[in-house]
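When a ligand or atom number is given, it counts from 1 through the structure's own listing order.
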Amino acid sequence: MNLEKRWWKESVVYQIYPRSFKDSNGDGIGDLKGITEKLDYLKELGIDVIWLSPVYQSPNDDNGYDISDYRSIMADFGTMQDFDEMLAAAHERGIKILMDLVVNHTSDEHPWFVESRKSKDNPYRDYYIWRDGKDGHEPNNWGSCFSGSAWKYDEQTQMYFLHLFSKKQPDLNWDNPIVRDEVFDMMNWWLDKGIDGFRMDVISLISKNPDFPDGIPGINGYASFNEPANGPHVHEYIQEMREKVLNRTDNMTVGECSGVTLEEAKKYASSDGKELNMVFQFEHMDVDADEGNKWTDKKMDLRDLKEVMTRWEKGLEDIAWNSLFWNNHDQPRVVSRFGSDQKEYREISAKMLATCLHMMQGTPYIYQGEELGMTNIHFDTIDDYRDLDSINAYHELIEQGVYTKEEMLKFLSMKSRDNARTPFQWDDSKNAGFSDGTPWIKVNPNYAEINAKEQVGRSDSVFSYYQKLIRLRKEHDIVVYGTYDLLLPDSKEIYAYTRTLGEEKLLVVCNFYEKEAAFSVPEEFKDAECLIKNYVDDNWGSEGKLRPYETFVLKIS
Ligand code: NOJ
């Protein structure tokens, strides 16, 4: 039952991308000491849990999502002592820490892979997925998430290994029970340190169909990296993880499940507690994609967004728990994407988007800087990008003649992961107060206007608005546990829904567009209390219309 009370349903999670959060030693790279310094800021925001993107030792082909030692800290980020201090300081403030668990693959520099590639009879050979070629080609047409084939030929033993991500991220072989035990031991080691749970990177991809069938080719000629999603043993392996690891403590788990369907999510996140607490699904991140291809300037149709969100809200009702997000380190900034980053509407639309998400049923995730309304960056040249996904796609799609250089630069400025990865904007001093050195990626030039120092304490800032949304979740059970129902499914401008819990009812109204939209507050809400709104005056809902990007939440009981 979704009414069953659990701390992770009542929590708000804040994602930190350590490389871009706060640099404490002037090397231009964010670090653990920097996070510790800023815990009071997060406490003031009111969040309960931090999801820490990977901080483990890594050669950084994919900014830490390529791990070469799961039990040590990347030197750029500090030491294990820095980690322990950060964990203790977070706990002192009542903030929990979720580690990013990246175990679909390791780095090719992980000692397991170094051994595995040495010879066919190496004891570590079967830790990874090795196959012979087919007629001189790759074993099948699966593509890597980061362009090209998902198979790399290795001269040493003249076989191919599978890498659904970069060539430096070989996939682990989860069918090997020794691999599973290695992962479970490592997870237990972190739980013993006192961490509070895991965000599980592409966990839906760990079990591959042993027949390795071809998939439908996409725009670059390869099948999607999601082809193996929800494979034959995935639920069995996660249940084993629950028994051998997760049941030991009262932790929180969220599985990043690319390619997950609603039916599969009901298994991953079922409230019977056999697998995970919740999953990240990505259907709403595809509403402005073209049949799965994100490199496009297609505009989102609000009706599609509502259809997806509602299908998940209703589909998991009483069966499993939703996670709610607009942003993470792989997505562009939501205010630029679904709102407006123009000066006039930036704050108002950031607040509207936050309301729309935080009032739904599920656990909300805030990605660093979202609480300030940080925006996409605009780079004029590919040389400014740092993300391998963006750089590889740029070269591949231009070389194949799919897009011109101008088109690719435009699509990157709309969709590149680097939009989310520019340094956190702390204040209006040099480098936005992120670092005294040269930041590893350019700071967004709008930091003089958009920064934490300017917003903390300003009562009508985006930051203060997020504080209030988080407080509402603590004050009103209905925000957490109420049942969701969509209103006006066919409206192209307005996203409106209700939440119901016993005698109480909320009405959430959001105008997604930069113009007025006709709307009358339903009769039953005429005398309702307004819990939150994004225009300062009290004219919400009057005159039968909503103002540009207007939002408000009404409550009756
Ligand atoms: C999903 C992560 O969120 C992304 O940043 C990463 O590149 C891939 N998984 C590979 O680990």
Side-chain angles (χ1 to χ4, degrees), residues 13 15-21 30 50-68 70 74 98-110 113 128-129 142-148 150 152 161-172 174 183 198-206 208 224-230 234 253-260 268 276 278-282 284-286 292 294 323 325-333 365 367-368 370 385-393 415-422 440-441:
V13 184
Q15 183 191 353
I16 293 185
Y17 195 67
R19 213 173 180 74
S20 305
F21 192 59
I50 291 171
W51 149 24
L52 197 61
S53 275
V55 292
Y56 317 92
Q57 186 178 302
S58 160
N60 272 316
D61 190 49
D62 184 19
N63 286 356
Y65 282 89
D66 48 321
I67 297 169
S68 52
Y70 290 99
M74 189 194 300
L98 288 192
M99 296 301 279
D100 212 317
L101 181 80
V102 189
V103 289
N104 172 70
H105 44 270
T106 67
S107 162
D108 66 341
E109 297 181 35
H110 192 293
F113 191 74
Y128 294 86
I129 300 172
W142 292 0
S144 148
C145 180
F146 303 142
S147 303
K152 179 158 166 37
F161 67 85
L162 180 71
H163 60 90
L164 294 177
F165 295 88
S166 91
K167 294 182 178 60
K168 288 184 64 64
Q169 292 168 298
D171 280 51
L172 281 166
W174 274 72
V183 170
F198 299 98
R199 172 267 184 188
M200 302 183 183
D201 194 69
V202 289
I203 202 72
S204 51
L205 302 184
I206 58 174
K208 278 82 179 176
S224 160
F225 74 99
N226 271 330
E227 199 55 39
N230 316 307
V234 68
T253 48
V254 50
E256 189 205 23
C257 289
S258 41
V260 71
Y268 288 115
L276 307 175
M278 62 192 103
V279 299
F280 290 132
Q281 61 84 20
F282 291 92
H284 63 307
M285 295 284 105
D286 274 344
K294 71 175 172 179
S323 57
F325 73 96
W326 288 143
N327 268 120
N328 62 37
H329 64 293
D330 295 329
Q331 300 294 336
R333 293 282 180 181
Y365 289 72
Y367 177 72
Q368 65 185 41
E370 184 182 336
Y385 285 94
R386 296 288 172 267
D387 167 34
L388 85 167
D389 176 38
S390 307
I391 297 168
N392 290 357
K415 297 287 182 58
S416 166
R417 310 196 295 180
D418 278 341
N419 284 303
R421 298 177 179 187
T422 62
W440 69 277
I441 186 170

key: Atoms of ligand 1 close to His105 [distance to a heavy atom under 4.0 angstrom, numbered from 1]   = 10 (C), 11 (O)
note = Here the atoms of ligand 1 under 4.0 Å from any heavy atom belonging to Arg417 are 4 (C), 5 (O), 6 (C), 7 (O)
Minimum non-hydrogen distance to atom 4 (C) of ligand 1, winning option of Asp66, Ile67, Asp330, Asp61 = Asp330
ask   = Where on Arg199 is there a heavy atom closer than 4.0 Å to ligand 1, on the side chain, on the backbone, on both, or on neither?
value = side chain
inquiry  = Heavy-atom distances under 4.0 Å decide this one: backbone, side chain, both or neither, for Phe146 against ligand 1?
reply    = side chain
note = Result for ring-ring contact (aromatic ring centres under 6.0 Å, His included) between His105 and one of Phe113, Phe165, Phe161 points to Phe165
note = Among non-hydrogen protein atoms, atom 6 (C) of ligand 1 lies closest to Asp62 OD2, 3.3 Å
task = Please find out if less than 6.0 Å separates the ring center of Tyr65 from that of His329.
result = yes
query = How close does the nearest protein non-hydrogen atom get to atom 9 (N) of ligand 1, and which residue and atom is it?
reply = Asp201 OD1, 3.0 Å
request  = Verify, without hydrogens or angle tests, whether Asp100 (side chain) and Met200 (backbone) share a donor-acceptor contact under 3.5 angstrom.
outcome  = no
key: For Glu256, side-chain hydrogen bond (donor to acceptor under 3.5 Å, both in side chains) partners two or more places apart   = Arg199
key: Non-neighbouring partners of Ser147 that pass side-chain contact (heavy atoms from CB on, under 4.5 Å), sequence neighbours left out   = Asn392, Ala393, Glu396
key: Nearest non-hydrogen protein atom, atom 8 (C) of ligand 1   = Phe165 CE2, 3.7 Å
inquiry  = Checking the side chain of Ser58 only, and the main-chain atoms of Ser68 only, is there a donor and an acceptor separated by less than 3.5 Å?
reply    = no
